[in-house]
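Structure record follows, encoded as structure tokens.
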Amino acid sequence: GESVGLHLPTLSVQEGDNSIINCAYSNSASDYFIWYKQESGKGPQFIIDIRSNMDKRQGQRVTVLLNKTVKHLSLQIAATQPGDSAVYFCAESSMEYGNKLVFGAGTILRVKS
Amino acid sequence: GAGVSQSPSNKVTEKGKDVELRCDPISGHTALYWYRQRLGQGLEFLIYFQGNSAPDKSGLPSDRFSAERTGESVSTLTIQRTQQEDSAVYLCASSIRSSPPFFGPGTRLTVL
């Protein structure tokens, strides 16, 4: 099955700053994208999603941007808080592949107080 | 229940034994996923059930791995003749067509 590398990239930000986490996806046919947050010892938690007919979607303190031209997804977190420290995963799916959800490698976000 | 539940939360077994992991999806969710997550790594797709369609088994790493789902309810993931490399957290998620998948807390499997 699909697998990812051993070492996850890390983003360190100061509390109160904005964070931007990036994700490159592989399948140009993907039409649905999700960001998940995973805290230590827990399952992934849904943050925000976006469909391919949109390029931006906002939630509470979070914004997802989708650039289909370069197959790039980003998650912006405003006013980052210590509770935002976690591993963040992007995931993609497509009708063509039967809606199977494929995850990216993940990024560790560390918030410094 | 309110969310996806998985049991057991932790399982320690000896190499060569069979194990069975259980997932109870959110009621009414037609899709169910199993993923494997090794320590410090991302989520590796194993298998996907969608309604009455044939499951997508393309992620199962070997024939020692199998999964079943009864209708749109509980699913079990079975690993036969466990190996130390099978040690990981096994995550289950469920969804309906209009919603993102929601994950359970996972089962941590340790093969000694």
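By convention in this document, chain letters (A, B, ...) are assigned in the order of the sequence lines, proteins followed by strands, and residues within each chain are numbered from 1. Just so it is clear, the model here is predicted, and its values are computed rather than measured.
More than 12 heavy atoms of other residues, nucleotides or ligands sit less than 6.0 Å from atom CG of A:N53. Summarising the local packing, CZ of A:R110 is surrounded by 12 or fewer heavy atoms from other residues, nucleotides or ligands at distances under 6.0 Å. With a 6.0 Å radius and a threshold of 12 heavy atoms from other residues, nucleotides or ligands, B:E68 has its CD atom at or below the threshold. Other residues, nucleotides and ligands place more than 12 heavy atoms under 6.0 Å from the NZ atom of A:K68. Heavy-atom neighbours of A:Q14 CD from other residues, nucleotides or ligands within 6.0 Å: above the threshold of 12.
Seen from the ring of B:Y33, A:K100 does not count as a face-on cation partner, given the 6.0 Å and 45° thresholds.
Counting heavy-atom pairs under 4.5 Å between each of A:G43, A:A91, A:S93, A:P44 and chain B puts A:P44 at the top.
We find the OG-CD1 distance between B:S95 and A:I34 to be 8.0 Å, quoted to the nearest 0.5 Å. Summarising the geometry, atom CD belonging to B:Q41 is positioned 15.0 Å from atom CZ belonging to A:F103; distances are rounded to the nearest 0.5 Å.
Linking Ile, Leu, Val, Met, Phe, Trp and Tyr whenever their side-chain heavy atoms come within less than 4.5 Å leaves A:L65 and A:I50 in two separate clusters. In the hydrophobic clustering of ILVMFWY residues, with side-chain heavy atoms under 4.5 Å counting as a link, A:I47 and A:Y25 come out together. With hydrophobic clusters built from ILVMFWY side chains whose heavy atoms lie under 4.5 angstrom apart, A:F33 does not share a cluster with A:F46. At a threshold of 4.5 Å between side-chain heavy atoms, the hydrophobic network of Ile, Leu, Val, Met, Phe, Trp and Tyr places A:Y88 and A:V111 in one connected group. Taking hydrophobic clusters as Ile, Leu, Val, Met, Phe, Trp and Tyr residues chained together by side-chain heavy-atom distances below 4.5 Å, B:L32 does not share a cluster with B:I96.
Inspection of non-hydrogen atoms places B:P101, B:F102, B:F103, B:G104, B:P105 of residues 101-112 of chain B under 4.5 Å from chain A. Taking non-hydrogen atoms and a 4.5 Å limit, the residue list of residues 70-81 of chain A in contact with chain B is empty.
Only the side chain of B:L91 comes within contact range of chain A, with heavy atoms under 4.5 Å apart. Neither the backbone nor the side chain of A:Q45 comes within less than 4.5 Å of any heavy atom in chain B. For chain A, no part of B:Q6 is nearby; none of its heavy atoms comes within less than 4.5 Å. Contact of A:L101 with chain B is made through backbone and side chain together, with heavy-atom distances under 4.5 Å.
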Quiz prompt | Trace of the side chain to side chain contact (heavy atoms under 4.5 Å, CB included) decision for B:F45 with A:V102 | solution = CA-CA 7 Å; B:F45 169 78; A:V102 177; 5.8 Å; no
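Contact between A:Y32 and B:S99 at its shortest, heavy atoms only, is OH-C, 4.1 Å.
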